[in-house]
Amino acid sequence: MSADKQLIYLDYAATTPLDARVAERMREVQDTAYFNPSSNHLAGRLSAQIVAHAATQLAALIKADAASILWTSGATESNNLAILGAAGQRQHRGKHLLTMRTEHKAVVDVFRTLEKRGFEVTWLDPDADGRLPPERLQAAIRDDTQLVSIMHINNETGVVQDIAGIGAICREHKVLFHVDGAQSVGKVSVDLSTLPVDLMSITAHKFYGPKGIGALYVANGVALEAQMFGGGQQRRLRPGTLPVDLIAGLGEAATIAAARYAGDLRHLSQLRQRLWDGIAEVAGIKLNGQEQGGYPGILNVSVDDIEGESLLLALEPLCVATGSACNSQSKEPSYVLRALGRSDKDAQSAIRFSMGRATSNDEIDVAIESYITAVAALRELAPGITA
Amino acid sequence: MSADKQLIYLDYAATTPLDARVAERMREVQDTAYFNPSSNHLAGRLSAQIVAHAATQLAALIKADAASILWTSGATESNNLAILGAAGQRQHRGKHLLTMRTEHKAVVDVFRTLEKRGFEVTWLDPDADGRLPPERLQAAIRDDTQLVSIMHINNETGVVQDIAGIGAICREHKVLFHVDGAQSVGKVSVDLSTLPVDLMSITAHKFYGPKGIGALYVANGVALEAQMFGGGQQRRLRPGTLPVDLIAGLGEAATIAAARYAGDLRHLSQLRQRLWDGIAEVAGIKLNGQEQGGYPGILNVSVDDIEGESLLLALEPLCVATGSACNSQSKEPSYVLRALGRSDKDAQSAIRFSMGRATSNDEIDVAIESYITAVAALRELAPGITA
Amino acid sequence: MSLEPYNSTVREYFAQPDHAGIVENGAIGYFEDQGMRIRLSVEVAHDRLLRLRFQTWGCPHVIAACEAFCRQFEGRPVADLKQFKSAPIMRDLAVPVEKTGRILVLEDTVRSLGQAIQDQTFQN
Amino acid sequence: MSLEPYNSTVREYFAQPDHAGIVENGAIGYFEDQGMRIRLSVEVAHDRLLRLRFQTWGCPHVIAACEAFCRQFEGRPVADLKQFKSAPIMRDLAVPVEKTGRILVLEDTVRSLGQAIQDQTFQN
Ligand SMILES: Cc1ncc(COP(=O)(O)O)c(C=O)c1O
Ligand SMILES: Cc1ncc(COP(=O)(O)O)c(C=O)c1O
């Protein structure tokens with residue numbers, strides 16, 4: 001339990017290291033094309049070309065048009081721009097919006113803000129496995145519904161939503177559809193040439209790209225109100241000097257992801273199975289999310305009669321998350337797991353293991369042993385009184 | 001005039017290359033502490049410590065408290081958050097705001113947005129040398145004035161405003177004072193332990209730090225409305241996964257700047273003098289901005305009877321700016337120079353040379369020759385008809 | 001941001017809770033609140049707290065507070081229990097303010113333990 | 001973002017404006033609008049545009065358009081001037097839409113030149 005021990009990082013859903021080729025590409029750009037892509041001179045145009053190339057790389061990953069890519073600082077900003085921007089743009093037509101209770105904070109808090117501004121938000125519940133039944137969405141759509149926002153892959157549980165089915169319903173009702181793709185783009189197949197999606201949030205640092213850069217996919221013809229002002233960059237939708245090196249890094253990460261995500265998924269599936277096989281026998285353990293069909297990079301489990309914070313400390317030097325990593329400051333039991341029907345106590349004991357490209361069988365084996373040992377040790381501390 | 005020739009970069013006011021030590025620090029963090037600083041485990045805490053250290057580095061540069069540093073994606077976002085955030089927070093007290101006509105677009109466009117939202121903005125004019133006489137500000141302040149926003153160093157002309165004098169007037173009238181310090185922090189002395197400033201926007205890429213990261217200094221006790229929502233990061237004022245490597249890079253750039261800005265200023269002064277001495281004899285040339293006392297990294301000149309875009313092309317492979325680099329897409333004559341009393345034609349012919357740490361006398365000499373030659377060549381194209 | 005949430009004492013006591021366990025046939029104090037549960041048990045001889053043990057369902061600070069209490073009071077006169085205050089422990093363990101309530105559960109458990117010792121004494 | 005604003009033809013004509021200058025005692029066409037000014041001068045012989053020169057205050061596209069016009073029409077019959085259209089030049093030079101108006105100034109100048117030649121002819 002000491003900080004000196006070698007860290008075992010199983011928190012890839014929080015953030016990933018830079019791919020070596022991405023880092024190299026960024027260095028190259030930093031050295032030779034560190035210019036402002038908006039500058040109207042040779043140097044600026046060099047950087048502008050790099051930005052344009054990165055847009056084609058990201059567009060190729062998601063099978064979209066490069067012109068539909070808007071650069072942002074990450075998925076939080078993309079979600080804010082998509083939701084506030086679309087709601088604002090369409091409010092004269094109606095003020096009803098739809099989302100789920102299990103969305104990331106960067107969606108939930110945006111809708112809460114819109115509620116304060118006079119919008120009406122319907123918060124849909126998932127089934128016990130975390131999925132939204134399309135009929136439930138269908139039933140909630142009204143004449144004045146303007147926007148539906150549903151995430152692709154849940155950051156806590158790995159639950160995968162039926163984006164095609166949900167999108168089809170939105171199209172049918174002519175409602176805009178935003179998808180928080182922070183946990184999916186670069187990790188699973190995302191084909192926007194067939195998926196009926198209008199807006200999708202993307203962040204590079206979840207798929208081995210740089211932190212501090214993301215994108216918003218904006219389908220052709222979709223209008224948004226800008227949320228930041230100043231300068232003519234990016235069709236006035238999102239001003240600010242473009243970080244050409246970060247954008248180049250995102251582009252490179254996208255190209256790498258396109259080539260290897262299928263292999264990554266096989267690797268992750270095997271790791272997840274090994275981990276689950278190793279801890280499934282712990283008394284009172286419960287898997288949070290889908291048994292099958294979820295994103296294999298995440299395994300989220302609760303366990304009876306264990307205090308979550310002590311469990312986390314007992315697991316050191318394993319680096320895993322309790323609740324949402326993006327929100328782990330708060331000691332509140334995860335609202336995502338509560339929405340899946342878990343009790344406060346179950347939600348409080350939840351641990352999210354999230355694996356990545358570099359995760360090895362050995363690390364999984366250490367994780368298994370640590371988990372079993374930690375649960376046993378904490379149970380020893382409180383026999384009988386923990387019923 | 002061909003792209004093959006070696007670029008001569010004289011656009012440091014648009015953006016700067018990474019300092020080698022900054023790049024090294026970022027690599028180190030990318031390799032060993034790429035974690036999410038909000039993650040509640042050993043790895044996350046490692047990254048959190050790096051972020052905390054960077055805050056002390058930036059705070060030391062501006063002589064402020066580390067707790068007053070809020071991380072953003074750059075000065076555009078900082079300006080938006082400061083101005084929209086302060087105006088929103090204080091609107092129940094009054095809706096009058098004060099700024100200058102010569103601010104950066106990332107301030108101007110924010111105030112334009114506030115005008116559309118029902119705020120009243122007074123746009124102060126500078127004197128012919130670009131400075132705001134404090135009396136003019138004093139006279140414009142009303143009982144319902146809530147915020148004054150004045151930039152420290154102008155990005156087009158290098159004009160330096162009297163932040164101490166302006167701030168004193170704001171304090172006296174209990175009006176919040178925001179300073180766009182994008183062109184000053186890291187380049188000149190900024191001492192917030194004595195300057196009466198409530199909010200200051202900072203961006204790393206103007207002082208040899210990374211692009212895509214900036215900060216907003218928020219003085220103790222100053223309340224802002226958040227402009228982005230989601231997650232509990234940064235006291236809910238600015239959510240999103242913190243880019244630990246970029247933040248570490250900003251911190252390092254701040255430490256380096258603190259040690260060398262005085263020497264940089266001497267170097268720049270000498271270069272600017274050399275450049276001005278070299279071109280001052282061109283017929284019809286006019287210096288835009290302060291003769292003395294401006295920021296020495298920028299020299300902005302107009303010249304009679306020359307079309308600016310052709311001048312820019314004729315100067316290749318010199319990389320210089322016309323109008324504002326951050327806005328050089330638009331071919332409109334610079335509104336900043338117009339506010340200094342320049343005619344459209346003069347503004348249109350303006351060239352901003354901006355020098356940096358790596359600029360050499362040789363490069364200045366090439367710039368001088370190119371400028372003289374280009375002006376002569378274009379005048380040859382249109383003798384007589386250009387009166 | 002998550003700067004170090006546990007000081008070295010908390011880490012030490014959490015890693016080595018030497019006084020975890022139960023004293024068979026000892027006097028028992030118990031309290032639960034705020035989702036935390038603590039059980040203290042003690043063997044008393046010659047009006048002294050001879051062997052002091054704890055069990056708890058709680059966060060690392062609660063576990064460390066229990067261990068700290070046992071270390072401090074083992075061997076001392078029963079009468080000293082009356083003087084127990086959680087404030088010094090909170091200081092030693094650098095318990096964050098939002099957790100203060102949890103540590104007060106220990107105070108209640110100690111009171112309950114004192115009562116149990118008294119009851120046992122009267123029974124004999 | 002500033003992707004390449006000038007194609008290779010614009011760059012070539014801008015760098016080598018071979019037809020820049022004025023024909024002394026030639027017929028002169030002049031027009032100004034949108035801040036652009038163009039002067040064309042020509043020496044006419046046997047109803048042909050023998051030597052064609054331009055002067056201009058304008059952006060690179062305007063300069064290149066003038067040069068392109070001179071290159072195309074030098075040596076051709078005066079009557080051809082009537083057929084001049086700026087559209088093909090705009091295409092060859094990939095003139096951005098927002099600059100279309102500027103290039104139309106060239107059309108007006110060519111018309112003025114045609115008129116001047118006619119006037120000169122009548123004068124003679
Ligand atoms: C589902 C989801 N949405 C949004 C975000 C926010 O992304 P970022 O931190 O890049 O702003 C995250 C992760 O932090 C996430 O997992
Ligand atoms: C004075 C000034 N303010 C704001 C900005 C915007 O900074 P950033 O591009 O980092 O958002 C700039 C430069 O672009 C600037 O020069």
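Note on naming: letters A, B, ... go to the chains in the order of the sequence lines (proteins, then strands), and numbering restarts at 1 for each one. Hydrogens, waters and symmetry mates play no part in the numbers below; they use all other heavy atoms, side chains included. Since the structure is predicted, the reported quantities are computational estimates derived from the model, not experimental observations.
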*Does any heavy atom of chain B fall under 4.5 Å from the side chain of A:Y9, the backbone, both, or neither of them?*
side chain
_Checking side-chain polar atoms at under 3.5 Å, does B:Q227 have a donor or acceptor matched by the opposite partner on A:Q227?_
no
_Part of A:D109 lying under 4.5 Å from any heavy atom of chain B_ = both
*Among A:C319, A:A43, A:G214, A:A226, which has the most heavy-atom pairs under 4.5 Å with chain B?*
A:C319
*Between A:D245 and A:Q30, is a side chain to side chain donor-acceptor pair (under 3.5 Å) present by the stated rule, with each step listed?*
CA-CA 6 Å; A:D245 50 343; A:Q30 285 160 4; 3.0 Å; yes
_Hydrogens and angles aside, do A:N79 and A:S201 bring a side-chain donor and acceptor to less than 3.5 Å of each other?_
yes
*When you check the gap from the basic side-chain N to the acidic O, do A:E28 and A:R21 get nearer than 4.0 Å?*
no
*So, A:E77 and B:S73: side-chain donor and acceptor under 3.5 Å apart, yes or no?*
no
*Check whether the side chains of B:E156 and B:S334 place a donor and an acceptor atom closer than 3.5 Å, and report yes or no.*
yes
*Would A:R101 count as a cation-pi partner of A:Y335, with NZ or CZ less than 6.0 Å from the six-membered ring centre and within 45° of the ring normal?*
no
*Determine the option with the most heavy-atom pairs under 4.5 angstrom with chain B, choosing from A:I83, A:T72, A:D31, A:T15.*
A:T15
*May I ask you to name which of B:L318, B:T113, B:V107, B:I247 has the most heavy-atom pairs under 4.5 Å with chain A?*
B:T113
*Under 4.5 Å from a heavy atom of chain B, the part of A:L84 involved*: side chain
_Short N-O contact, A:R112 and A:E115, less than 4.0 angstrom_ = yes
*Could you have a look at A:P17, A:P243, A:G240, A:G74 and say which one has the most heavy-atom pairs with chain B under 4.5 angstrom?*
A:P17
*By a 4.5 Å heavy-atom criterion (distance strictly below it), what part of A:T16 contacts chain B: side chain, backbone, both, or neither?*
backbone
*Let me know if A:V110 has heavy atoms under 4.5 Å from chain B in its side chain, its backbone, both or neither.*
both
*Heavy-atom distance under 4.5 Å to chain A: side chain of B:V244, backbone, both or neither?*
both
_If I measure from the heavy atoms of chain B, does A:I213 come under 4.5 Å with its side chain, its backbone, both, or neither?_
neither
